[in-house]
Number of protein chains: 2
Amino acid sequence: MSNLKRPLESLPTQISAQIMTHIREEGLVEGAHMSAQSLADRFGVSRSPVQKALAQLVADKVVRHEPKRGFFVTGEGLTIASRSDSNDPLAETYLQIADDRLRGELPDVVSEAALRERYDLTQADLRSLLLRMQMEGWLHKRRGYGWMFHEMLTTPDGLEQTYRLRAALEPAILLEPGFRLDPKVLNQLIEVEKRMLDGEIDTASIESLYARGVNFHEALAEASGNPFMLDSLRRVNQVRRLLAYRSMVDRSRYYGQAREHLEILDLISRGSMVEASVAMRHHLGSVMVSLQRIEPLLR
Amino acid sequence: MSNLKRPLESLPTQISAQIMTHIREEGLVEGAHMSAQSLADRFGVSRSPVQKALAQLVADKVVRHEPKRGFFVTGEGLTIASRSDSNDPLAETYLQIADDRLRGELPDVVSEAALRERYDLTQADLRSLLLRMQMEGWLHKRRGYGWMFHEMLTTPDGLEQTYRLRAALEPAILLEPGFRLDPKVLNQLIEVEKRMLDGEIDTASIESLYARGVNFHEALAEASGNPFMLDSLRRVNQVRRLLAYRSMVDRSRYYGQAREHLEILDLISRGSMVEASVAMRHHLGSVMVSLQRIEPLLR
DNA sequence: TTCTGCACTTTGGTCTATTAAAATGCAATT
DNA sequence: AATTGCATTTTAATAGACCAAAGTGCAGAA
């Protein structure tokens, strides 16, 4: 019916990725047994997609199957990225539309028929895309017919505006009374930043660098315990990603960012939330400044 | 930006309400001619729904129709609230679901079939509701089957959390470099607050009082020129409305609010944005305090 | 007892055709 | 020249049938 979420990957594929992460995080070793029900419970689905996920993993030799006994970890194949069926044609079209819009090749108002023809989409696929864009807040249905792009994607200083929102929001996130960062998560965040400084800034893909930055900030928002703040940040980041694709090309500034992230994490670990909040304000300020140095080059 | 589809009222009815507002705001008097095309352009639709809207208004005697010549203002009927087909059954169900959820009568996870049966909805109506709730951020589709309510509606101190987000966001809104409040809008806002103090606080409906408060804050966010801030505020207000229905019963605190609103507007009109920002911070702080006095009574 | 494997049920996504409604073109009228 | 009134075209919502995929119950093996 509605197709709101048309997963970028099928449920079994998602689950198999989650199982691999699970094995890694729980440190399961060769021979460990995994029951379908426990996995299903953990991931909040039924055994059906878990069965299929396990079948995929058997094909990848990550787990071994013994008839009537179940599935066992082999200890192999965990380094493999995952069977990324990332040939998802919808994700590509999604970015294509965003890019076409940012380059001014799509008008403010478009009809579904026009989009369907231009990108050669089925009704269901188009619908899925439109809903996703609407949910992310950069496209909305007009009264009458047609869809309209949100001004977010039109104004020239959109990126700066996102930073000013974050500069208001994120320092406050650290001052939330319910703030509590799980030590496990804290350590993971620290590890990521250290690996970044140890060279991954130069080797990782641009998308991956962006994703890690977002992950740092959203992990803190999640720790705040305030779902409204988390939601606001997530939404702005979603749109920011579209804007950022066109500008974030300077890897060097990630070094300063990583150091500042580490400083903030250090203050949090010591419970100095006020200082952490100040550091966050400074961090976002400095990102904004470095942005202003870059942006003119793009105009 | 809400209203994905299935407008709460049909397009012609929406338009006829807009035409009435238009007549009032532009001060059109008896005999003034209105062309269908100019109205259509102004409201961003085609002439078709405008024609139907005008036909409705003829029935209401707000405009007069002369064959082959067009439509003319009569000067009558403008005080009438509007032909509010507000017997919209969906809006009622929408609030019913929210309320049932807040009262804990609906589980965290529900299937579409269960909702359809419980509220006796057609597939299309249910879908419309689900999309709206999903857009507002308090319900989302799970992987697999079923829908899940967002924690926003579960946590006991939800309302306070919305205020803390606003306390971070709204003072910053007033400091946006692009902030510019149309003098016409400024005067309208001042008028509303004055009328409130002149007695409407005691006579207007609770919904109406709430709507005016929201309108004040969102008008400022709109004036900021930062669509991301506006969007965040709108979203939090949308959910807040659900939470607020259950607690805002104390009319007296609106007096203090109205005076603080006027003070902020005064500072804005004199261009003292920093002072206005401080006043806004104080305003939200005092609202939060008065909230804490009320809330324990409800638990 | 726990868990698997498989049968079976339920859910909701997809497809096609239909239809209501909005957009638009144009001759007639002012 | 501008605008109306109506006819025509375009658009997207809806209904119904179908079916793939997720959820669930249970007998039997471990």
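Just so you know, these numbers use all the heavy atoms, side chains as well, and skip hydrogens, waters and symmetry mates. Note on naming: letters A, B, ... go to the chains in the order of the sequence lines (proteins, then strands), and numbering restarts at 1 for each one.
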Visitor: Provide, to the nearest angstrom, the distance between the CZ atom belonging to B/Arg143 and the P atom belonging to C/dG12.
Guide: 16 Å
Visitor: In this structure, how many angstroms lie between the C1' atom of D/dA22 and the CZ atom of A/Phe43, rounded?
Guide: 17 Å
Visitor: Take atom CE of B/Met148 and atom C1' of C/dG12, then tell me their distance rounded to the nearest Å.
Guide: 18 Å
Visitor: Between C/dG13 atom C1' and B/Arg142 atom CZ, what is the distance in whole Å?
Guide: 18 Å
Visitor: Restricting to side chain to side chain contact (heavy atoms under 4.5 Å, CB included), what partner residues turn up for A/Glu105, sequence neighbours left out?
Guide: A/Asp100, A/Arg103, A/Arg118
Visitor: Who passes salt bridge (Lys or Arg N to Asp or Glu O under 4.0 Å) against A/Glu222, sequence neighbours left out?
Guide: none
Visitor: Go along nucleotides 1-12 of chain D 5' to 3' and tag each nucleotide: B for a protein heavy atom under 4.0 Å from its base, S when only backbone or sugar atoms are that close, - otherwise.
Guide: ---BBB----BS
Visitor: Report for the helix from C/dT1-D/dA30 to C/dT30-D/dA1: angle between first-end and last-end helix axes, five pairs each, rounded to 10 degrees.
Guide: 40°
Visitor: Does anything in residues 19-39 of chain B form a ring-ring contact (aromatic ring centres under 6.0 Å, His included)? List the pairs, not counting sequence neighbours.
Guide: B/His33-B/Phe72
Visitor: Mind checking what makes salt bridge (Lys or Arg N to Asp or Glu O under 4.0 Å) contact with B/Arg47, not counting sequence neighbours?
Guide: none
Visitor: Could you tell me if B/Arg132 and B/Ser128 have a donor-acceptor pair between their side chains, going purely by distance under 3.5 Å?
Guide: no
Visitor: Are side-chain N/O atoms of B/Arg240 and B/Asn237 paired as donor and acceptor at under 3.5 Å?
Guide: yes
Visitor: Send over the distance from A/Ile15 CD1 to D/dG23 C1', rounded to a whole Å.
Guide: 13 Å
Visitor: Taking ring-ring contact (aromatic ring centres under 6.0 Å, His included) as the cut-off, I'd like each qualifying pair that reaches into residues 111-133 of chain A, sequence neighbours left out, listed once.
Guide: none
Visitor: Specify the separation, in whole Å, of atom CD of A/Gln14 and atom C1' of D/dA22.
Guide: 13 Å
Visitor: Round to the nearest Å and state the distance from A/Gln123 atom CD to D/dT14 atom P.
Guide: 12 Å
Visitor: Taking only residues two or more places apart in sequence or in another chain, which ones pass salt bridge (Lys or Arg N to Asp or Glu O under 4.0 Å) with A/Glu151?
Guide: none
Visitor: Measuring to OP1 and OP2 of D/dG23, would you say a side-chain N or O of A/Ser46 lies under 4.0 angstrom away?
Guide: yes
Visitor: Once you round it to whole Å, what is the distance between C1' of C/dG13 and CG of B/Leu126?
Guide: 14 Å
Visitor: List for me each residue that meets salt bridge (Lys or Arg N to Asp or Glu O under 4.0 Å) alongside A/Glu66, sequence neighbours excluded, and say none if there are none.
Guide: A/Arg64, A/Arg69
